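I have placed the structure first, in the form of structure tokens, so that the comments after it can refer back to it.
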Amino acid sequence: MSVITSVVGRRVWDSRGNPTVEVEVKLESGAFGRAIAPAGASRGDREVTDLRDGGSALRGMDVSKAVQNVENLIAPKIIGLPAHDQRGVDEAIFSLDPSPLKTSLGGNASVAASLAVLHGGAADKGMALWAYVADLYGCTPSLPLPEIQIFGGGAHAGRRVDIQDFMVMVPGASSFDEVLEITNEIYFAAGDIMAARGKLAGVADEGGWWPLFDSNEEALETLMAAIEKAGEVPGERVVISLDIAASEFGKDGRYRLALEDRELGQEAFIELLGRWIEAYPIVSIEDPLGEDDAEGMQAFTQQFGDRVQIIGDDFLVTNAGLIQQAVEAKACNAVLVKVNQAGSVSEAVDAFQAANRVGWGGVVSARSGETEDVSIAHLAVGLGAGQLKVGSFTRSERMAKWNECLRIQDELGTDLFVSGQPLAATWWGKKNLK
Ligand code: PGA
Ligand code: ZN
């Protein structure tokens, strides 16, 4: 039987050394599921919030209240429910806190419980999680194209540079394996270049090199040099992807680039990004404008939506309703899917499907605070999302996800790798127009 018989909460620790919530569920059949909540640093204002204890101990980051909510509220509510009814379970969890941001229950409590039930359901059926997800949501599984960070910035690197993620994608690779091989060469080439300039200073929160640059554009130039040093021609097999995370330095349509000591209005900032799109092989840009700047997002999409993927992260917070509005407003053309922004598996899948229905890309994503939990690798494969973003190419909380994809590749076969040709074709198309 697939009925949930026990739910246990536990405090564990994430990749930044902060407390986080782990949940374990058991089913009547003996099946077991476990999941851990991740945590963001550049969080969207409209995403579900983590419940933290506050106060001075553990810098206010403790999660004892959230763990208590798992044991005292979530457990009695979902024990006795069938684990295969993921939506029923998620609705029961959310009924405990009808507030939109789940402030009293805690998104960290709800997401760990929801994902643990998903794992329990898969175990009950004796299926790999990715296969169970594909089955549950009627999706065709595939191996995603990774977006991998080379330099970290923004809130993940003490705001040393303003832009948050300088990433590569390898749309010209023929397998997931090959993406990782090429990324390894680029990652270490970038480190060698930084070392030669005396600018090597460790790594940022997601494992990308610490950005000891004098301008944001220097990071882009260095990324180009690293791609070349790795023996690749930028814009051929390897392209660039940026997460601007503009909400971190933009407010009311004004964008303050602290590193360069200048502030740009919405139009001037869009113009700057436009120059970068012209000058570098950029195929994807996330949160180019602030989460409060819907008008800017619309203007940016109108100007560049035919040649780059424009992803809403903080702007859409994995919320089907906000995606619907953005589709109508023609703001963005893709969505980042973070389960903990939505607070439950069902809500995250609703968001993914809302985007998917209108032909938008969906990028399943980790948070900057991560753990050994690899659920998102399975979600990306099971939903057939096509893209996966988990940070850089070091640190085990990141590598665990890439490595899990390699294991899934062995089960699925390399043929189901989603090449990025369609995505990169936008860039190549633009180049050919010239
Ligand atoms: P976060 O950032 O996990 O720190 O919120 C990740 C991202 O912006 O994609
Ligand atoms: Zn982002």
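First listed ligand is number 1; within each ligand, the first listed atom is number 1. Residue numbers count from 1 along this sequence. Predicted model, so just to flag it, every value in this text is computed and none were measured.
- At least one N/O/S atom of D313, from backbone or side chain, sits under 2.8 Å from the Zn ion (ligand 2).
- Applying the 4.0 Å criterion to heavy atoms of H156 picks out, from ligand 1, the atoms 1 (P), 2 (O), 4 (O), 6 (C).
- Scanning both residues, I282 and V308, for their nearest heavy atoms gives O-CG1, 3.2 Å.
- Distance from atom 3 (O) of ligand 1 to its nearest protein heavy atom, with residue and atom name: S368 N, 2.8 Å.
- Note: no N/O pair closer than 3.5 Å links R16 and ligand 1 by distance alone.
- In plain terms, the two heavy atoms of R52 and A39 that are nearest each other are NH2-CB, 3.6 Å.
- Residue S365 places no N or O, backbone or side chain, under 3.5 Å from any N or O of ligand 1.
- By the criterion of a heavy-atom distance under 4.0 Å, neither the backbone nor the side chain of A245 is placed next to ligand 1.
- The ligand atoms of ligand 1 that sit less than 4.0 angstrom from a heavy atom of D313 are 7 (C), 8 (O), 9 (O).
- The side-chain tip of K102 points at the ring of F94 from less than 6.0 angstrom away and within 45° of straight on.
- Less than 4.0 angstrom separates some heavy atom of D243 from each of these atoms of ligand 1: 7 (C), 8 (O), 9 (O).
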Evaluation steps, salt bridge (Lys or Arg N to Asp or Glu O under 4.0 Å), between E47 and K338: CA-CA 10 Å; E47 68 175 88; K338 292 168 163 170; 5.6 Å; no
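- Close approach of ligand 1 to E286 is summarised as follows: ligand atoms under 4.0 Å from at least one heavy atom of the residue are 9 (O).
- Under 4.0 Å is where a charged nitrogen must lie from a carboxylate oxygen, and between R256 and D261 at least one such pair does.
- Inclusion of E286 in the first shell of the Zn ion (ligand 2) is supported: an N, O or S atom falls under 2.8 Å.
- A salt bridge is absent between E278 and R275: the closest approach of a Lys/Arg side-chain nitrogen to an acidic carboxylate oxygen does not fall below 4.0 angstrom.
- Two rings, from F151 and F213, have their centers less than 6.0 Å apart.
- When Q164, R43, Q341 are each tested for a side chain to side chain donor-acceptor pair (under 3.5 Å) with D313, only one passes: Q341.
- Counting heavy-atom neighbours within 6.0 Å of E260 CD, excluding the residue itself, gives a total above 12.
- Between S284 and E147 the shortest heavy-atom distance is OG-OE2, 4.4 Å.
- When the options R367, K338, R43, Q341 are ranked by their closest heavy atom to atom 6 (C) of ligand 1, first place goes to K338.
- The shortest contact between atom 2 (O) of ligand 1 and any protein heavy atom is with S42 OG, 3.1 Å.
- Listed by number with element, the atoms of ligand 1 under 4.0 Å from a non-hydrogen atom of Q164 are 2 (O), 6 (C), 7 (C), 8 (O), 9 (O).
- From the protein, the heavy atom lying nearest to atom 9 (O) of ligand 1 is K389 NZ, 2.8 Å.
- When you scan the N, O or S atoms of D243 for the one nearest the Zn ion (ligand 2), you land on OD2.
- Using a cutoff of 4.0 Å between basic side-chain nitrogens and carboxylate oxygens, K389 and D243 are scored as salt-bridged.
- At a heavy-atom distance under 4.0 Å, no atom of D287 approaches ligand 1.
- The Zn ion (ligand 2) lies at 2.8 Å or more from every N, O or S atom belonging to D165.
- By the 3.5 Å distance cut-off applied to N or O atoms, L336 is not counted among the residues near ligand 1.
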